[in-house]
**Student:** 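I have a structure here, written as structure tokens, and I will follow up with some questions on it.
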Amino acid sequence: MRRRGIAWLLATVSVLAVAAFVLMRSGLLGAVAVARVKSVPPGDQEIAWIHAATNGATWERFVAGVHRVREHCPHLHVDDQNAFLDQTAAVPELCLSVDGCPSKLWIRWYKLTSETGHEKWIDELARRQPPPLAIIGGGSSDRARDLAKALAVRAQQWHGPPPLFLITTATADKVRLDEEGDSYIPMEQDPSSESWRDLITVYPDRTFRFCFTNSQMAEAVVDFVWSQPNLRPHGSARPDGLAGSVAGLAGGNIWAAASLWLAGAYEPPAVYAVQWVDDPYSIDLSEQFCRVLPLTGKWTKPPDIDWVPYSVGGFQDPNPREALLVQRLRERITSALVQRPLLVLPTVLQPARRVLRAIALVAPLEARHLVAVTGDSINFNHIYRDGDRLWNIQEVPVPLVFFCHQNPVDWPGGPEGKPPAHATATDDMLLNADMMRIIVEAAYKDSPGARDPKPFRQLVADADELATRLQSRDPPFFRKVPADGNRVGGSGEYVVCLLPDIREGEVLPLATIEVWSRQRQATGSRWQRVRSLSVSYGGMPAAGGSAHAGD
Amino acid sequence: MPGTNWRNLWKHVRGLAVPVLIIISLVAGLAYSLYSRAYFWQESDEYNLREWLNESRTFRETLPDLVRQYLKLQQALSRVGNRPESFRLQDAITYKEEEIHEQLKALGDPTKIYTGQLPLFPEIYSIEVRFHESRNPPLAPIAWESHLPHPAGADQRRVRELEYRLLGEDDDRATLRIVYQLHAFNKRQQDEAQQQRLYALVTLLVAAAAVLAFLWIYFFLKRERERELQLLRTYKQIEHAEKLILENELRRQEAERKQEETERTLLEQRLATQAAEQQALELKSQLYASIGIMAGSYAHNIKNLLVRPNDLLGRCLEADGLSRDQEQMLHEVRATLGTVTERLQQILRTVRRDPSRSELSCLDLNHVIDDLGRTWAHLARERWKLTLTTKLCEEQLWIEADLSHLQQAVENLLFNARDATFEMRNHLREQARHASELDAHARRQALIDAAGWRGSIVLRTRREGEHVILEVQDNGIGMSDEVRRRCTETHFSTKRDNALYEGNTTGMGLGLSFVAVILEHHHAQLEIESAPLRGALLRVRFPAAQPASKPAAV
């Protein structure tokens, strides 16, 4: 009887195993849970790097930045054997350790997908013991806002001090906190102070920003543009005013322009600002430009702000709303043909390119007079390495000025070195390196009671201790007044300027890229050119002889 | 019988269900794996497409995110109704629709640019998001059409459709349907088509092998079962034969047992006969003893009575005037009375048994024992079935003793020894009868041995210093210490409740007590050496008499 029972049991198990296999393969048993956080070994700490699953290149740059920290911290060891896994749905991780300290610091990439958002990861992390020391995120302002909101809502749910929020490149000063569906409203139409809040205060006292803010970027870009005669916006003589022969004076002599204006014959340069209202970064940066211009004493007409409800669109053509915007802008810039107006395009690469390209198509001559400025959303490589395709100067023959948080041409060989064959996002990597250096220096502390002359390093116990050490850093990285978690500005900013080569009214497939840095001096700060690169398009040799780019 | 056939069939089915289930499961699992493996390319393509559609971010939101926001706005609008904020929501919905459309367009447009040029770049004919919200009017689908001409004729088979739940498997509010063509030269498909044929062949072979294995198992089991049944039948026959042998053996043993029982009964009857004879003999002996006592008494009375007639007769003879004839007649009477007296005196000497009234004389013990041995030897051999042996000292052993008492005392010792051998024989018989460790044959032999066992009594005399020793030794049942200590007490007997002596005059507890009294009067000592089942040695130590004494007439 006993043998027969075993045989039946075996048969039942076989049938069930096959049935379960078939059900699993057919998907009837449901999907496997994707959001699963890893455990942290006892004594170790974790920092969660929350970014979109499609940000593989960003993670690579982050890992490269962490490796670069070793130049400043020789005792640091970076174990990246699990940083790049075969399974894209897995959780990549870095393991940091320092000599003399058994505790390790784990940095893990929890990937955002269409199924697993910020809230889900935060919920999963909050359930785990111990909580992470910090969460690195906020590659863009909207994601930073969402992460900060999720962290603020769940501040009481952690098994210990809540983690810090370390913002990488989210630059918006203010963000709108209400529901997503209401976001098609520009700031000017909804001045309610309750809806708009400083991003740094959404998750108060625990947020630290390692990049410059929109206001710092706007101030730097405006300062740079007005410092460059070939970029500085200027107005025009009224047709019914003094002769246009004196109009050229306004290009270099503000007093002459003022005198003309006073005579009623001069019109100040126009400023056209656009807001993509589904992007808090765009709204805020536009507002910051408009706020900075009068504050810094730049003489312009009151900014003319227009808005586009959404940023989604194709590669080439503007979306319907951008097309309407282009129509409106065309009418305005053609009325100011002899001016050099300032066009504020605070958006990411594709909307900016779509709009500028459309303007160049509908008003090719007027477009050449524009000076387009933006923040950090256009990357150096967009115009340099991938410029042939992404920012072809013959399609968008508009001088462009944008901001970088770090030197994008800090290549091996120094300022005179040859550009690398495969240029990487050096500024991003340097920003990551800076950030991780500061985090590592704060996370590992020297033991005050250690008798060993070699410093005995100890990992911070929790997020509170890490916050204290970040705030008390000397020299300060984060500003003290107000001590809100934003970084100190006034130096270290970089500006990149793309200048098309237009000769005899023809746009050549050549351009110049200049990288400038603001240096703090005793008499104030001044802009210093770091490097100038000549680039060519469509296979034409550049001035330096290289195929696409050269000094 | 039909019922039996069905039961047999069910028994077979039930027995084979387990291997059949296992085989079916394994074959099904293998077939499913092979089938899935054969269509892996299609499954892989669909997963890739879904990843591309779901995870692409033209700006910052994925398509599912945009659709979720769209549905949320629609729900907010349905809640608001016609209130003023509905205008703003309506605008937002319009923008979101455009946004979704732009997202679809951004996905599809690049594929259109390089149509037919880049293999593995999908050619998208349409992407459509359909909504399943229960609304009136229903939400219109948001679609993007590429305006590419669809392949005609047989090429249409290359166009594929994929439709899935956009917001997750558990959320059916929106589905995405895409019409596409992915492969221009799908080598993988070709390989897999070949593999499908191979897998089909493998599956067929496995299934055939499974069926063959099943049949083989069936016939193997059937053959094994028949072999087992044949074996069982053989075992059963052997068992039956063994049973018959065993029954015969039992019958034989029963016959032996009955024979033994018969023999035992016969033996018991013989013993009973012997016991009855012995009882009769003893009764006769007692009768004779009683007669002797009575005769002694009478003789004594007669002798006393004769004193007066003798006295009177003497006086008559002393009287004068008697005629010669008278005197002669009186003398004859006197002589006759004297003869009677003498005879009575002899009778008295013969039959008087009172130990307290012994008349000691010097006797040769050897002579007494020798007479006694000869007297009882025949009876002992023939009736008592024992050997009576006398071993006498060569010299004469003179003692002072009453012959009659001495004879009676020695006879009592002899009878005691005889009874002890009877008990020993009885004991041996009972022991043989109840010997469970012996088989029937051995038990019967033991019974026969017990029946043939012969007792032995030895009468032995010798001189030992100033004493004359008489030993009566037997190989009988023996005595325990308790019995040995009390055996000379009056009325103490081990035979009283013994069935062996039932109906006999023995068992009165007088024999050895009488002996003890007699010996006491003879200043003799009785020593007893005995142990249970070891026989007994009764030693009488007489004081030796002077050989000069006049021996008594015997």
Side-chain angles (χ1 to χ4, degrees), chain A residues 4 6-19 21-22 25-28 30-31 52-55 88 111-115 117 139-143 179-185 276-279 281 308-322 347-348 350-351, chain B residues 14-15 17-30 32-33 36 43 51 53-66 68-70 72-73 75-77 85 88-89 91-96 98-103 105-110 113 166-170:
Chain A
R4 177 169 292 185
I6 292 172
W8 274 105
L9 182 66
L10 187 64
T12 309
V13 168
S14 301
V15 172
L16 288 177
V18 172
F21 173 73
V22 171
R25 288 299 305 269
S26 60
L28 294 177
T54 49
N55 282 134
T88 52
K111 297 178 179 178
L112 298 172
T113 66
S114 59
E115 294 177 1
S140 62
S141 296
D142 56 335
R143 287 192 191 135
E179 295 297 315
E180 298 156 347
D182 297 334
S183 61
Y184 293 108
I185 301 170
W276 275 262
V277 294
D278 61 342
D279 184 0
Y281 160 81
V308 179
Y310 53 87
S311 311
V312 177
F315 182 78
Q316 296 277 14
D317 302 325
N319 67 37
R321 301 293 162 177
E322 289 166 349
T347 183
V348 292
Q350 297 217 14
Chain B
R14 201 176 52 186
V18 172
V20 167
L21 271 176
I22 292 175
I23 289 170
I24 289 175
S25 304
L26 294 177
V27 171
L30 179 65
Y32 182 80
S33 297
S36 305
E43 195 177 327
E51 182 182 347
L53 292 165
N54 283 5
E55 304 299 335
S56 292
R57 297 168 191 266
T58 306
F59 180 52
R60 295 206 175 105
E61 311 285 359
T62 61
L63 184 59
D65 292 338
L66 293 174
R68 280 193 199 96
Q69 292 164 9
Y70 175 69
K72 198 171 179 180
L73 287 170
Q75 286 176 349
L77 181 63
E85 55 263 39
R88 187 169 55 81
L89 280 171
D91 286 347
I93 287 170
T94 305
Y95 296 148
K96 195 58 77 178
E98 288 180 7
E99 212 172 337
I100 292 171
H101 184 268
E102 285 298 311
Q103 173 85 355
K105 186 181 170 196
L107 289 170
D109 262 348
I113 296 171
L166 185 61
L167 305 182
E169 296 300 329
D170 302 330

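Naming: A, B, ... by sequence-line order, numbering from 1 per chain. Note that this is a predicted model, so its numbers are computed, not measured.
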**Student:** Could you tell me which of A:Thr347, A:Asp317, A:Val312, A:Asn319 has the largest number of non-hydrogen atom pairs under 4.5 Å with chain B?
**Tutor:**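 Looking at each of A:Thr347, A:Asp317, A:Val312, A:Asn319 in turn, A:Val312 comes out on top.
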**Student:** Which residues satisfy the side-chain contact (heavy atoms from CB on, under 4.5 Å) test with A:Ser141, sequence neighbours excluded?
**Tutor:**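 Only A:Ala170, A:Thr171, A:Ala172, A:Pro280, A:Tyr281 meet the side-chain contact (heavy atoms from CB on, under 4.5 Å) criterion with A:Ser141.
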**Student:** For the candidates B:Lys105, B:Arg57, B:Arg60, B:Arg68, which exhibits the highest count of non-hydrogen atom pairs separated by less than 4.5 Å from chain A?
**Tutor:**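 Heavy-atom pairs under 4.5 Å are most numerous for B:Arg60.
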**Student:** We want to know whether B:Glu102 and A:Tyr310 form a side-chain donor-acceptor pair, criterion being a heavy-atom distance below 3.5 angstrom.
**Tutor:**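 No, A:Tyr310 and B:Glu102 have no side-chain donor paired with an acceptor closer than 3.5 Å.
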**Student:** Tell me, out of A:Ala53, A:Ser311, A:Gly314, who's got the most heavy-atom pairs with chain B below 4.5 Å.
**Tutor:** A:Ser311
**Student:** Say you draw a straight line from CD of B:Glu98 to CD of B:Gln103; how long is it, rounded to the nearest 0.5 Å?
**Tutor:** 14.0 Å
**Student:** Please enumerate all residues that pass side-chain contact (heavy atoms from CB on, under 4.5 Å) together with B:Asn54, with sequence neighbours excluded.
**Tutor:** A:Ser114, B:Pro64, B:Tyr164, B:Leu166
